[in-house]
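The structure appears right after this line, and notes come after that.
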Amino acid sequence: MESHQDFLKRAVAVGSLGMNGEIGGPFGAIIVKNGEIISEGCNQVTSTNDPTAHAEVTAIRLACKKLNSFQLEDCILYTSCEPCPMCLGAIYWARPKKVFFAASKVDAADAGFDDAFIYKELELDYEKRKIPFIQDRVEESVQLFEDWKKKEGKIDY
């Protein structure tokens with residue numbers, strides 16, 4: 001059985017392969033279940049023109065497809081770098097049992113991948129954010145949630 005260090009080294013190698021293959025930035029992630037790698041993902045933002053195609057997200061998408069589930073129960077995510085806020089959200093929604101990361105967000109910021117401003121933006125009032133967020137309630141939006149609460153046979157997540 002491979003060690004956590006081995007899996008982290010594989011995540012870094014996946015990031016290197018993606019970066020050197022001109023697929024995207026220097027990030028890689030793998031998902032392991034029962035000691036077996038079930039998915040690998042590298043950053044594909046620039047090659048796919050998809051700002052959500054971070055390594056962790058691509059690995060999560062592949063693993064969920066392979067497992068035929070929207071949750072990664074009993075899985076461990078290994079990533080080459082501390083996840084950004086978007087990936088952190090995706091990780092919590094996917095619900096793996098543990099996450100190991102190699103480099104820190106400080107290391108990423110030093111290489112030009114600084115997401116500290118996003119954390120700061122989250123704490124600001126909507127109108128003070130760099131991209132203004134404007135809530136304009138419509139009755140139907142609340143009704144949609146009321147309908148969800150009453151829906152029979154729904155799959156909670």
Side-chain angles (χ1 to χ4, degrees), residues 1-126 128-133 135 145 148 153-157:
M1 187 167 178
E2 295 185 62
S3 72
H4 296 301
Q5 280 281 303
D6 292 330
F7 288 131
L8 281 170
K9 287 179 183 180
R10 179 62 193 160
V12 171
V14 169
S16 180
L17 288 169
M19 179 183 70
N20 291 320
E22 303 299 323
I23 295 172
F27 302 95
I30 65 170
I31 295 175
V32 174
K33 185 171 186 174
N34 299 325
E36 177 188 343
I37 296 173
I38 60 168
S39 74
E40 297 182 339
C42 65
N43 181 290
Q44 300 176 22
V45 170
T46 56
S47 63
T48 62
N49 293 319
D50 179 355
T52 68
H54 288 201
E56 295 90 342
V57 172
T58 59
I60 288 169
R61 288 174 180 161
L62 290 169
C64 287
K65 187 173 186 174
K66 184 173 183 177
L67 295 173
N68 196 30
S69 175
F70 57 86
Q71 293 186 343
L72 298 175
E73 292 178 14
D74 298 321
C75 293
I76 299 175
L77 171 69
Y78 294 88
T79 182
S80 63
C81 187
E82 185 174 357
C84 75
M86 178 187 69
C87 293
L88 188 63
I91 290 164
Y92 273 95
W93 281 113
R95 295 178 178 87
K97 67 179 181 179
K98 201 173 287 187
V99 176
F100 287 87
F101 63 93
S104 72
K105 61 185 175 185
V106 174
D107 299 318
D110 187 52
F113 299 96
D114 191 359
D115 53 19
F117 79 96
I118 297 172
Y119 289 104
K120 291 176 186 169
E121 287 281 301
L122 291 172
E123 296 175 9
L124 295 175
D125 291 336
Y126 297 143
K128 294 182 181 174
R129 294 180 179 173
K130 290 184 182 184
I131 299 173
F133 281 66
Q135 182 178 21
F145 289 114
W148 173 257
K154 66 185 172 193
I155 298 172
D156 289 323
Y157 62 98

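Keep in mind the model is a prediction, meaning the values are calculated, not measured. The analysis underlying the following values was restricted to heavy atoms, covering all of them including side chains, and did not include hydrogens, waters or symmetry mates.
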Side chains of [X] and [Y] in contact at under 4.5 Å (non-hydrogen atoms):
X: V14; Y: S80; answer: no
X: I31; Y: P96; answer: no
X: F70; Y: I155; answer: yes
X: I38; Y: C75; answer: yes
X: C87; Y: V57; answer: yes
X: P26; Y: N43; answer: no

**Prompt:** Under 3.5 Å, side chain of D110 to main-chain N/O of D107, donor-acceptor pair present?
**Reply:** no
**Prompt:** Is it true that a side-chain atom of S47 and a backbone atom of G24 form a donor plus acceptor pair closer than 3.5 Å?
**Reply:** no
If you count heavy atoms of other groups shown closer than 6.0 angstrom to [atom1] of [X], is the number above 12?
X: K154; atom1: NZ; value: yes
X: K33; atom1: NZ; value: yes
X: Y92; atom1: OH; value: no
X: N68; atom1: CG; value: no

**Message:** Ring-plane angle category for W148 and Y157, please: parallel below 30°, perpendicular beyond 60°, tilted otherwise.
**Reply:** perpendicular
**Prompt:** When the ring planes of F113 and F27 are compared, do they come out parallel, tilted or perpendicular, using 30° and 60° as the limits?
**Reply:** perpendicular
Say you draw a straight line from [atom1] of [X] to [atom2] of [Y]; how long is it, rounded to the nearest 0.5 Å?
X: Y78; Y: K98; atom1: OH; atom2: NZ; result: 8.0 Å
X: E123; Y: R129; atom1: CD; atom2: CZ; result: 10.0 Å
X: E56; Y: F101; atom1: CD; atom2: CZ; result: 11.0 Å
X: D115; Y: K120; atom1: CG; atom2: NZ; result: 11.0 Å
X: L122; Y: F117; atom1: CG; atom2: CZ; result: 10.0 Å
X: Y119; Y: L88; atom1: OH; atom2: CG; result: 5.5 Å

Which heavy atom of [X] sits nearest a heavy atom of [Y], and at what distance?
X: I23; Y: T46; value: O-OG1, 3.7 Å
X: Q71; Y: W93; value: CG-O, 4.4 Å
X: I131; Y: E121; value: N-OE1, 4.2 Å
X: A102; Y: L8; value: N-CD2, 3.9 Å
X: A55; Y: G41; value: CB-O, 3.5 Å
X: T58; Y: C42; value: OG1-O, 3.3 Å

**Message:** Apply side-chain contact (heavy atoms from CB on, under 4.5 Å) to residues R61 and T52 and explain how you reach the verdict.
**Reply:** CA-CA 11 Å; R61 288 174 180 161; T52 68; 3.0 Å; yes
**Asked** Between H54 and C84, is a side-chain contact (heavy atoms from CB on, under 4.5 Å) present by the stated rule, with each step listed?
**Response** CA-CA 9 Å; H54 288 201; C84 75; 3.4 Å; yes
